[in-house]
There are 2 protein chains.
Amino acid sequence: MARSNNMQDDAATPSDSPSQRLAVAGPPTIRDVARLANVSIGTASKALNAGGRLSKETRENVLRVAREIGYRPNDLAQSLHRAKSRTIGIISNDSFGRFTFPIVEALEERLAEEGIAVFMCNATDDPARERQHLDQLLGKRIDGLVVTARRADKRPPIGPLAHGLPVVYVFSQADDPGALSLLPDDEGGAVLAVAHLAARGRKHIAHVTGPEHFEAVRLRKTGYRAALAEAGLPEIDGFYLSGVWSEAWGREAVAKLFSRRERPDAIFCGNDQIARGALDALREKGVSVPGDVAIVGFDNWDVMTLAARPPLTSIDMNLKALGREAGDSLLDMIAGGANSGVKRRPCSLVVRESS
Amino acid sequence: MARSNNMQDDAATPSDSPSQRLAVAGPPTIRDVARLANVSIGTASKALNAGGRLSKETRENVLRVAREIGYRPNDLAQSLHRAKSRTIGIISNDSFGRFTFPIVEALEERLAEEGIAVFMCNATDDPARERQHLDQLLGKRIDGLVVTARRADKRPPIGPLAHGLPVVYVFSQADDPGALSLLPDDEGGAVLAVAHLAARGRKHIAHVTGPEHFEAVRLRKTGYRAALAEAGLPEIDGFYLSGVWSEAWGREAVAKLFSRRERPDAIFCGNDQIARGALDALREKGVSVPGDVAIVGFDNWDVMTLAARPPLTSIDMNLKALGREAGDSLLDMIAGGANSGVKRRPCSLVVRESS
DNA sequence: GTGAAAGCGCTAACAC
DNA sequence: GTGTTAGCGCTTTCAC
């Protein structure tokens with residue numbers, strides 16, 4: 001039964017006739033193509049790879065057969081030969097949260113353009129799992145590696161790994177000067193926000209932000225202070241408030257700010273959730289936004305910015321661009337280029353009605 | 001030049017000594033291990049794979065050498081031999097959003113347990129890109145495929161693909177009875193919500209939800225009506241409102257509901273954003289939640305449920321469990337098991353202060 | 001107990 | 001123009 005298509009003349013033994021083999025085994029191989037096209041394997045390969053000197057007829061015949069039987073070269077075999085897998089790995093410690101996601105997506109898109117596939121591994125901050133994933137990836141002979149995380153801290157460099165394996169850290173910082181780390185410019189983002197508020201004539205600008213153990217919080221604070229100085233505005237006592245990354249903290253912070261004599265006419269918030277909490281608290285207090293107080297958030301997370309009343313001005317970290325650049329850098333390193341150091345990429349300001 | 005490796009005795013030419021080769025070429029191979037351990041390749045393989053009859057000494061010696069030079073078997077070569085790549089692909093059309101993410105994460109975790117790596121591909125609803133990714137994956141001889149999406153509609157089955165390639169659709173539904181689709185039980189989730197409200201003594205339960213072109217919306221509506229009937233409650237005219245998935249619509253819907261004579265004492269919302277909008281509108285109206293009106297959302301998205309005032313009761317689709325089951329099913333199918341049909345998995349109710 | 005050799009699917013160098 | 005062949009790194013059967 002089930003003797004599939006093809007074959008000219010075949011004596012007796014059906015069990016190992018070519019057709020049988022085709023029917024039983026997995027995907028068709030170049031051998032199958034060659035047999036059916038009545039050429040040698042080498043010739044078939046030449047035809048399929050558009051190489052060498054070949055009569056038009058042979059070439060077309062081979063290609064036709066290949067198409068007919070649905071031949072698709074086995075990448076594993078090709079990789080073995082080329083010593084390049086056209087595959088990279090990405091290890092995340094943020095379990096691919098809201099921030100890593102746009103990055104990974106853009107990265108994958110960039111690499112797909114070059115025909116490079118991406119292995120996705122989630123280590124969730126467990127060094128053992130990270131080690132295990134890395135091992136697996138090295139076994140698969142990946143051509144490069146991307147490491148992503150929450151940004152909180154510098155992380156120990158991943159390793160040990162195959163000598164010369166290109167690695168890019170993105171939204172993550174390796175504690176190793178020889179490594180390449182790609183990050184958003186938090187300080188510059190803060191400057192953008194505060195300069196914008198100052199340009200709108202605000203004189204009393206507060207900063208409500210997250211926990212100081214985040215490097216981003218410290219950098220944004222630096223930017224906030226630098227921009228105040230640049231605009232000739234004073235730093236007012238009690239106008240810098242560090243808390244947690246929640247709406248509740250945003251509401252609480254507004255209560256704190258308004259229990260003082262000197263009140264802000266603008267608040268730069270460390271993220272959009274804090275900003276939204278602040279916005280809600282002000283509205284409920286009867287304080288007009290942006291009339292009395294202008295608000296700027298950070299992250300430009302549409303779920304927050306668009307649902308806020310009024311819609312929230314925010315700083316965008318351009319994560320997709322960051323992901324794309326990570327892809328570019330990795331490709332370049334795979335091609336032999338050198339790259340290292342901490343690189344920070346500009347944020348941008350997205351103005352909406354809250355400022 | 002470039003006279004490659006091998007061969008026991010070879011005069012002069014230092015350029016192809018074993019050490020040289022080791023230094024120049026890529027990762028160490030089993031050949032290197034064998035040479036340095038002074039055994040044949042076959043023996044080395046046996047030692048490394050804990051197989052066959054081998055003297056303890058030889059075995060240990062081989063393992064020691066392997067460890068020393070950092071030998072790691074080349075998975076590509078193994079795969080070629082085994083005709084199994086221990087690799088699967090996942091194609092997403094939701095660009096890995098909030099819903100697909102927990103699923104993919106759990107899936108990856110489950111597969112990692114079995115030493116199977118996951119290729120991540122984002123097709124973003126572009127059939128051409130989907131086709132292209134699929135091609136690449138087939139070339140890489142994946143052992144299985146997972147397809148994910150927004151749930152809006154049934155999608156055409158992916159293909160054509162290698163005969164017998166196991167495929168699981170999760171949070172996505174293939175228009176093909178022979179395929180396996182894993183989905184949350186939207187109808188059951190709605191029943192859970194409404195029964196909960198009824199059990200709390202609510203008699204006038206409204207349902208504010210998203211666009212009807214989502215199958216989930218239609219199913220939840222069915223559940224809503226079934227649960228009302230079950231509790232002996234009437235369906236009140238104008239108490240079912242379909243709109244969009246936003247907070248703004250939640251606020252607007254409350255305005256609509258309260259412009260009528262008959263007012264609800266509970267609202268079951270189609271997602272947490274709508275619920276949150278409703279909550280805000282009620283608070284601003286001075287209507288007490290849950291005193292006067294109880295609210296239940298859908299999705300159990302912490303960003304919404306925890307920031308809401310009061311915290312929001314919601315239906316959880318148990319997406320991680322769904323992802324894990326997708327992994328289990330795929331593994332089973334790879335092992336030869338058969339599986340098909342549309343399977344819906346239960347949601348659960350997470351009670352918080354809004355109800 | 002150990003080694004030699006065939007073969008997984010493919011490419012590239014070299015014959016003819 | 002086309003065929004033959006030697007590997008890529010690994011496993012496995014079969015001699016010895």
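Every heavy atom of this structure was used, including side-chain atoms; hydrogens, water molecules and symmetry mates were not. Treat the numbers as computed from the prediction; the structure is a model and nothing was measured.
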Worksheet item: Which part of the nucleic acid does B/S55 contact within heavy-atom distance under 4.0 Å: base, sugar-phosphate only, or nothing?
Response: sugar-phosphate
Fill in: Exercise: do B/E105 and A/N122 side chains pair donor with acceptor under 3.5 Å
yes
Item to complete: For B/T43 and for A/S40, find the nucleotide of DNA chain D with the closest heavy atom, then tell me which residue's nucleotide is more 5'.
Response: A/S40
Discussion item. Nearest whole Å is fine: how far is D/dC8 P from A/I30 CD1?
Written reply: 19 Å
Discussion item. Can you identify which nucleotide, out of C/dG3, D/dC10, D/dG1, has its nearest atom closest to the A/T58 side chain?
Written reply: D/dG1
Discussion item. Using a 3.5 Å distance criterion without hydrogens, assess whether the side chain of A/D143 forms a donor-acceptor pair with backbone atoms of A/K84.
Written reply: no
Item to complete: Looking only at side-chain atoms of A/P73, point me to the closest of C/dT2, C/dC10, C/dG7.
Response: C/dC10
Worksheet item: Rounded to whole angstrom units, what separation is found between the CG atom of B/D32 and the P atom of D/dC8?
Response: 11 Å
Worksheet item: Does the C/dG3 base have a donor-acceptor partner in the side chain of B/K46 within less than 3.5 Å?
Response: yes
Practice prompt. Provide, to the nearest angstrom, the distance between the CG atom belonging to B/L48 and the P atom belonging to D/dT11.
Written response: 8 Å
Worksheet entry | B/Q173 (side chain) donor-acceptor with B/S181 (main chain) under 3.5 angstrom | no
Worksheet item: NA contact type, B/L76, heavy-atom cut-off 4.0 Å: base, sugar-phosphate, or nothing?
Response: nothing
Fill in: Gap separating the SG atom of A/C121 from the CD atom of B/E109, nearest 0.5 angstrom
12.5 Å
Item to complete: Under 4.0 Å between any heavy atoms, over every strand shown, what does B/S79 touch: base, sugar-phosphate, or nothing? Just pick one.
Response: nothing
Worksheet item: Touch check for B/S45, heavy atoms < 4.0 angstrom, all strands: base, sugar-phosphate only, or nothing?
Response: base
Fill in: Salt-bridge present (B/R110, B/D328; N to O < 4.0 Å)
yes
Discussion item. Taking donor-acceptor contacts at under 3.5 Å, does the side chain of B/H81 reach the base of D/dG9?
Written reply: no
Worksheet, complete the sentence: When B/N38 and A/R72 are each assigned the nearest nucleotide of DNA chain C, the 5'-most assignment goes to B/N38
Worksheet item: Roughly, in whole Å, what's the span from CG in B/L80 to P in C/dG9?
Response: 7 Å
Discussion item. What is the distance, to the nearest angstrom, from the CG atom on A/N74 to the C1' atom on D/dC8?
Written reply: 13 Å
Practice prompt. Ignoring backbone atoms, test whether B/R31 places a side-chain nitrogen or oxygen under 4.0 Å from the OP1 or OP2 oxygen of D/dC8.
Written response: yes
Worksheet entry | B/Q78 side chain near D/dT11 phosphate (N/O to OP1/OP2, under 4.0 Å) | yes
Worksheet item: So, is A/N49 near the phosphate of C/dT11, with a side-chain N or O under 4.0 Å from OP1 or OP2?
Response: yes
